[in-house]
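Order of the sequence lines sets the chain letters (A, B, ...), proteins ahead of strands, with each chain counted from 1.
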Protein chains: 2
Amino acid sequence: MTSSPQTSAFAHPGGAAYAPKADVDVMRCLVCDIRNRSLCNSMDEEGLAALAHSSRQLLLPPGTTIVEEGEPALAFFNVTRGTVKLFKSLPDGRRQITGFADAGQFLGLSTAQTYSFGAETVDNVRLCRFLRPQLETLLSDYPTFERRLLAAVTDKLAEAQEQMLLLGRKTAREKVATFLLDRMKAFHQTANRRQEAENLASVPMTRVDIADYLGLTIETVSRTISAFRRSLLIASAENHRIRILSVATLLNIASGQKAD
Amino acid sequence: MTSSPQTSAFAHPGGAAYAPKADVDVMRCLVCDIRNRSLCNSMDEEGLAALAHSSRQLLLPPGTTIVEEGEPALAFFNVTRGTVKLFKSLPDGRRQITGFADAGQFLGLSTAQTYSFGAETVDNVRLCRFLRPQLETLLSDYPTFERRLLAAVTDKLAEAQEQMLLLGRKTAREKVATFLLDRMKAFHQTANRRQEAENLASVPMTRVDIADYLGLTIETVSRTISAFRRSLLIASAENHRIRILSVATLLNIASGQKAD
DNA sequence: CGAGTTATTGACTCCCCTCAAATGATGTGG
DNA sequence: CCACATCATTTGAGGGGAGTCAATAACTCG
């Protein structure tokens, strides 16, 4: 079901995936371009230095495994560029993508000894890795950081509930409309220049990933997107982008009104 | 889609739903019979007194609305007896139950100003209500409580991911098998005498609720349960209970093996 | 016991899945 | 830069699992 080069976020040092040297690293969080949109916005200057000290930065190519279902839960990650997919699988290979983590989002939290989900890069991804003991130290030393994380997990839970509504009760058409609008929102939040992102959705993932996210098959996803294109609700754009031509109509469809 | 008497957890004092007088209340958390299985197990004696002081106990009949989708998020709840259903709805009335909170579980956490979900009692429910400012004080004053809540939300998120796998990728048969096993586990965790609970599942909710939880119709749920009964995988028991006759087979079905 | 609610069962339909083939994109080496 | 292999996407034809509609049966509780 998956494919792609199988690098790992735990590959031994020396690999291209690793971080610059330590003295540069102290500043890393201070100058991070998406800091304001992430957990790290709870930190003062001292805290940012502690964050930089507690984490390592990884640069990973598309298709890299970040965490594997059932493996020991050793680390926590903060995505600072690109998109990561999180998923769970059944023994026979059926897979459900439970979410996409874009820049500013975290992943890898677990109270169990092992991860109950897998995570893999979708495109070129930059992330900060916190080993568990270091994360725990941070949480204890910086109550505002812990509070911020609690809020972030709470938000993720609300997102998950929204996705359950989609998976359990929406039609294929409604699912795809919701997805496109969500990707538009995600692009708005991570794009550097806002105007350029107007009505654009970033869709770096394949049809397989979209299908596994929406609980559909790739054929149904493809057919539905084609239908939207024929109805002039959307249009293709360069670079894995889709332009939303009628946000209002798509919103209607996504929320279950018959509208066309 | 819902029915039932429309009481509210915010009904004015004096209603039957309200708590005993304050001097008894100081001891409430100390003597709480399910304390060890809830968030409150992170508290020492002083903390338990603070919890009791910060919360009010509510006793609610079946079908009572606890929180309403879109209403201001004023409170946080800890279920200490019975079962609560959490759900989200589409404008046309389609509903997805995102989870059942049994004794020991919390509900009502929100970072937004309003609740993004509704909650309603399934059977007779006892719960502790914390108004938001009081909860925040508790979190600040008792770091172990905050850490425990973070862990609890993290667990809920893992549960939600498991449910997404179910909703998106499992067949009706697999969904119902998973549900029955989950209800057996829930009963084990909340039952006072363990032996009595052996292989019993507590199913206090209606077919409508089960269907809205599994992303099915009531007819499909009913047919599937009937098929399991005919295959002697389960049998009815008194008091909204179902006896699991073959846990192993049901486990196989739940995880997607063909087994029958 | 009887009225209303909830659950079961049956007959039929349809949305989405499956299987299959064609088309389009991407990259590599000659 | 093109030929070709590989992979991803689109489109079509047909089938099946779960939904819809409808009737009956089994609870629940005055």
Inset, instruction - Just compare dC16(C), dT11(D), dT9(C) and give me whichever is closest to any side-chain atom of Arg230(B). - result: dT9(C)

Legend entry - Among dT10(D), dC16(C), dA18(D), the one nearest Leu216(B) by side-chain distance: dA18(D)

Inset, instruction - Mind checking Thr206(A) for me? I need base, sugar-phosphate or nothing, with any heavy atom below 4.0 Å counting as a touch. - result: sugar-phosphate

Inset, instruction - Tell me what Ile225(B) touches on the nucleic acid: a base, only sugar-phosphate, or nothing, going by heavy atoms under 4.0 Å. - result: nothing

Legend entry - Listed nucleotide nearest any side-chain atom of Ala172(B), set dT28(D), dT10(D), dA18(D): dA18(D)

Legend entry - 5′-ward residue of the pair Ala227(B)/Val221(A) relative to DNA chain C: Ala227(B)

Legend entry - Exercise: do Asp102(B) and Thr190(B) side chains pair donor with acceptor under 3.5 Å: no

Inset, instruction - Write down the distance between CD1 (Ile242(B)) and P (dA7(C)), rounded to a whole number of angstrom. - result: 11 Å

Inset, instruction - Can you tell me the distance, in whole Å, between the CD atom of Glu238(A) and the P atom of dA25(C)? - result: 14 Å

Legend entry - Interatomic distance where CG belongs to Leu214(B) and C1' belongs to dA18(D) [whole Å]: 13 Å

Legend entry - Ser222(A) vs dT9(D): side-chain N/O to OP1/OP2 distance below 4.0 Å: no

Legend entry - Atom-pair distance (CE on Met205(B); P on dA7(C)), nearest Å: 12 Å

Inset, instruction - Could I get the full list of ring pair (Phe, Tyr, Trp, His ring centres under 6.0 Å) partners for Tyr213(B), not counting sequence neighbours? - result: Phe100(B), Phe179(B)

Legend entry - Integer-rounded Å distance: dT8(C) P and Phe228(B) CZ: 14 Å

Legend entry - Between Lys170(A) and Thr178(A), a side-chain donor and acceptor under 3.5 Å: yes

Legend entry - Distance-only polar pair, side chains of Arg243(B) and Ser236(B), donor-acceptor under 3.5 Å: no

N/O-N/O pairs, protein side and nucleotides 12-15 of chain D side, under 3.5 Å:
{"from": "dG12(D)", "atom 1": "N7", "to": "Arg223(A)", "atom 2": "NH1", "distance (Å)": "2.7"}
{"from": "dG12(D)", "atom 1": "O6", "to": "Arg223(A)", "atom 2": "NH2", "distance (Å)": "3.3"}

Inset, instruction - Could you tell me whether Ser226(A) contacts a base, only the sugar-phosphate backbone, or nothing, with contacts defined as non-hydrogen atoms closer than 4.0 Å? - result: sugar-phosphate

Inset, instruction - Check every atom of dC17(C), dT10(D), dG19(D) against the side chain of Arg229(A) and return the nucleotide holding the closest atom. - result: dT10(D)

Legend entry - Close aromatic pair by centroid cut-off 6.0 Å: Phe117(B) and Phe87(B): no

Legend entry - Interatomic distance, Leu166(B) CG vs dA18(D) C1' [rounded to whole Å]: 15 Å

Legend entry - Integer-rounded Å distance: dG17(D) P and Lys170(B) NZ: 19 Å

Inset, instruction - Answer yes or no: does atom CZ of Arg126(A) have more than 12 heavy-atom neighbours from other residues, nucleotides or ligands under 6.0 Å? - result: yes

Legend entry - Between C1' of dA8(D) and CD1 of Ile218(A), the distance in whole Å: 8 Å

Legend entry - Partners passing side chain to side chain donor-acceptor pair (under 3.5 Å) against Ser89(A) (at least two apart in sequence or in another chain): none

